[in-house]
Amino acid sequence: MATRRESVQYRIVPVDPALHLFEVTLTIVKPASEGQQVSLPAWIPGSYMIREFARNIVSISARCEGRKVRLTKLDKHTWQAAPCKGELQIQYRVYAWDLSVRAAHLDQTHGFFNGTSVFLKVHGKEALPHIVDIQPPEGDAYAAWRVATSLPEHKARRHRFGTYIAGDYDELIDHPVEMGEFELIRFDAHGVPHEMAITGRVPRLDKARLAADLKKICEAQIAFFEPASRAAPMDRYVFLTLAVGDGYGGLEHRASTALICARNDLPVIGQAEMSDAYRGFLGLCSHEYFHTWNVKRIKPAVFAPYDLSQENYTTLLWLFEGFTSYYDDLMLLRSGVIDSSAYLKLIEKTINNVQRGSGRLKQSVAESSFDAWTKYYRQDENAPNAIVSYYAKGSLVALLLDLVIRRDTKGRRSLDDVMRALWRRYGRDFYSAKGGRGVSEPEVEALFDEITGLTLKPVFDLAVRGTRDLPLAEALAGFGIALTDRRTGAAPSMAVRTQRDGSDCKLGAVHQGGAAHKAGLSAGDVLVAIDGLRVTSGNLDGLLKRYRVGDTISVHAFRRDELMQWDLTLEPDAASQSVLEPREKPMTAVKLRNSWLRSQK
Ligand code: ZN
């Protein structure tokens, strides 16, 4: 039992929803005698960028035994209270107006927060139990509000306001909280209760279909990591979903995930087909759920524990994000939510995605991981020409390794065996009493060789530390899948990424070596006309369809406010060049393919 003396206590109230303010009262019964320090994290685990959440604290004050005491700010996110010989209380207000999964958001329709945005860390007391009293806004308008979170209840009843408890600060900030009038979907996965709380108006939501599909995906993943016991690593799991007009994002936690999606991604009663949008949403759920094992428990050593005051550098995000991206779609297939031809289309899309950017020839996925803080998370118009995604290319690295292992062990071993070994050795006991220490970079590669009996260093040198294109055509051929380049027949393209700017069509990125680059266009240029016909944000593709690859067009565009003209020769669209086609022989290849795409073993 946690007594008052032994815990750190918070009370959080949405004090002014219209002004987007949470008020937090932090009580420290026995503050540090030299003056208690407190700080707010600079980043949130899973999203590798310095966000300086303390910038949203709009007022803060401290009281010792009820009397106001000085609070000195030591740096951008740390405060120190004057020495206090009794109970210290720190009260502060947090501005919550970030409609994302990474921070906090509050208005009259709902409240959402991550602990990293609202709970000051009490230095030296991180390992104590942390108790939070979560309260609704005042007024009848909020009488129907409920609470959804995976944070364990202390004295509150499930879905009610009241006190919740975490074993330590690290746990406290790993359970986001949603409050409002959400829809609840519930299902069990291998005996463990799961739920999804959906906030936002979603007319005619097909709750039964969503629950059935999620159950299949969650059960496939639990059985993947623990084929014998089918034991899930958590007692309970919560998907917190915010449905908006247009949005996409997810952030993983140890027993929950926060998601944001477009309303139209969610299934409607009476529509049975698998739309791209719904499949994308299930893929997002599958991705964040897979993180329950891969990154929340199997972790890079530098994340055990996290240092939330500054960047934590690792070269391993290709493993934690890339492999998770590989398995998110594969789990849709293995759980029966999609079929193998839909799965091959998803791989095809990823290959084309990676091929489009010349940044892949300059940055390895290990470098992309290390520089996530300043490059992947802070992309500008030059990103496609300078960086590679450790998500997209990382998932192709997983694909290559899986295929190589299966081929070279004649189907006896696979990437699945390596993931399960990582789980058993580094993940399973991470939150147990003895605690986990994470996995180091050399240990990852050593484990691959140990489990497969192969020497995979050349593959890691090429795929993880190298910038040459992956030999996927050769690897896929061994599985009876032809990867062909369809430059002829591809749609004509300017090799740009466009941005809607009102009704204007603005160039968001110009791909190095592509048609627009050769012609002299630049990111930021606003297209005006092609061969004298007006270009708008909605009609560029339609206009280009009238031409063939190799045709030269006259392009008018504004650079800043100066009208300019270029001649541009259209090229085949890189986004549609690579095509995957299954073949029905040779039989050895077909057998390998079937065991890859179907097996749980
Ligand atoms: Zn992820």
Side-chain angles (χ1 to χ4, degrees), residues 43-49 51 100-103 114 116 150 173-176 214 217-218 220-221 224-225 233-234 237-242 247-261 265 279-300 302-304 306 311-332 346 349-350 353-354 365-366 368-373 375-379 387-399 415 419 422-423 426-427 430 438-439 444 464:
W43 60 283
I44 180 167
S47 185
Y48 306 107
M49 183 170 144
R51 296 185 190 275
S100 80
V101 296
R102 301 177 295 252
N114 284 288
T116 37
S150 54
I173 58 169
D174 204 12
H175 297 279
L214 287 172
I217 294 164
C218 295
Q221 296 197 20
F224 173 81
F225 281 102
M234 57 343 226
Y237 190 88
V238 181
F239 293 90
L240 298 176
T241 303
L242 177 63
Y248 177 86
L251 193 58
E252 67 276 9
H253 299 282
R254 69 182 69 181
S256 63
T257 178
L259 307 171
I260 187 161
C261 71
D265 294 347
R279 189 183 50 229
F281 177 71
L282 291 176
L284 175 65
C285 294
S286 179
H287 180 96
E288 304 307 341
Y289 195 73
F290 198 84
H291 274 314
T292 312
W293 293 266
N294 194 33
V295 96
K296 291 315 304 187
R297 287 171 178 79
I298 309 165
K299 288 184 195 232
V302 293
F303 289 177
Y306 300 111
E311 294 87 347
N312 290 190
Y313 295 102
T314 172
T315 59
L316 287 175
L317 295 182
W318 55 270
L319 168 61
F320 293 100
E321 289 300 347
F323 282 34
T324 300
S325 298
Y326 174 62
Y327 278 105
D328 61 22
D329 287 338
L330 196 53
M331 288 295 160
L332 297 187
L346 293 173
K349 205 171 148 195
T350 308
N353 228 335
V354 172
V365 287
S368 179
S369 300
F370 193 86
D371 284 332
W373 306 86
K375 294 194 173 185
Y376 185 80
Y377 267 92
R378 291 171 64 184
Q379 295 185 28
I387 69 172
V388 71
S389 162
Y390 49 78
Y391 286 85
K393 189 179 170 188
S395 80
L396 298 182
V397 172
L399 170 66
L415 189 63
M419 291 310 296
L422 273 168
W423 168 244
Y426 300 98
F430 189 84
V439 59
V444 170
V464 172

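Only heavy atoms go into these numbers, but all of them, side chains included; no hydrogens, no water, no symmetry mates. Counting starts at 1 for both ligands and their atoms, following the listed order.
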Verify the distance test for E288 against the Zn ion (ligand 1): any N/O/S atom under 2.8 Å, yes or no. no
Donor-acceptor contact present, side-chain Q221 to main-chain F290, <3.5 Å: yes
Take the angle between the ring planes of Y306 and F303 and call it parallel below 30°, perpendicular above 60°, tilted in between. tilted
Report the residue from F370, F323, Y376 that forms a ring-ring contact (aromatic ring centres under 6.0 Å, His included) with W318. F323
Could you tell me how the ring of Y48 sits relative to the ring of W373: parallel (under 30°), tilted (30 to 60°) or perpendicular (over 60°)? perpendicular
The Zn ion (ligand 1) - closest N/O/S atom in E321: OE1
Which is the closest N/O/S atom of H287 when seen from the Zn ion (ligand 1)? NE2
